[in-house]
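See below for the structure under consideration.
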Amino acid sequence: MDVNKTQFVILNILAVLASFLMLTRTLLLQNNDMLRQQLMQAQMEINSANNLAPLLQNLVSRINQAAQVDPDLKDLLKQYQIGPATKPAAGR
């Protein structure tokens, strides 16, 4: 099958376009993998913080209770301007 000059140019343009699309796809896949890893890291940090929240709330509550009966602890908390624990907002 003979290919004339016009068909040759069109085929070359299509080949360049296909190469460009394949390269773009490869770069986008790499970027997507990098973003997926960053997202997973952020989700792990959030989950870790969520797991610590009840523990920290319990700690604050116990310090607040202890400050009610221990005047030295109460003075220490006042010295560092740490007020009594407040109840968290509803829905948390």
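Numbers here simply count residues along the sequence, with the first being 1. Values reported hereafter were calculated over all heavy atoms of this structure, with side chains retained and with hydrogens, waters and symmetry mates removed.
The line from CD of Q38 to CG of L35 is 5.5 Å long, rounded to the nearest 0.5 Å. Expressed to the nearest 0.5 Å, how far CG of L29 lies from CZ of R25 amounts to 5.0 Å. Taking CG from L56 and OG from S61, the interatomic distance works out to 12.5 Å, rounded to the nearest 0.5 Å. Rounded to the nearest 0.5 angstrom, M22 CE and L17 CG are separated by 10.0 Å. For the atom pair T6 OG1 and I10 CD1, the distance stands at 6.5 Å (nearest 0.5 Å). Between the CD atom in Q37 and the CE atom in M40 there is a gap of 7.5 Å [rounded to 0.5 Å].
Sorted by first then second residue, the salt bridge (Lys or Arg N to Asp or Glu O under 4.0 Å) pairs that include residues 66-75, not counting sequence neighbours, number zero. Within the structure, side-chain hydrogen bond (donor to acceptor under 3.5 Å, both in side chains) pairs that include any residue of residues 27-36 comprise D33-R36 (at least two apart or interchain).
No side-chain heavy atom of R62 sits less than 4.5 Å from a side-chain heavy atom of L59. Using a 4.5 Å cut-off on side-chain heavy atoms (C-beta onward), F8 and N12 make contact. Contact annotation: the side chain of L28 approaches that of T24 to within less than 4.5 Å [non-hydrogen atoms, C-beta and beyond].
The backbone N or O of M44 sits nowhere less than 3.5 Å from a side-chain atom of S48 that would complete a donor-acceptor pair. No donor-acceptor pair under 3.5 Å is formed between the side chain of Q68 and the backbone N or O of Q65.
Nearest heavy atom pair, residue I63 against residue L73, reads O-CD2, 3.8 Å.
L52 and V60 are not part of a single hydrophobic cluster, where members link through side-chain heavy atoms under 4.5 Å apart.
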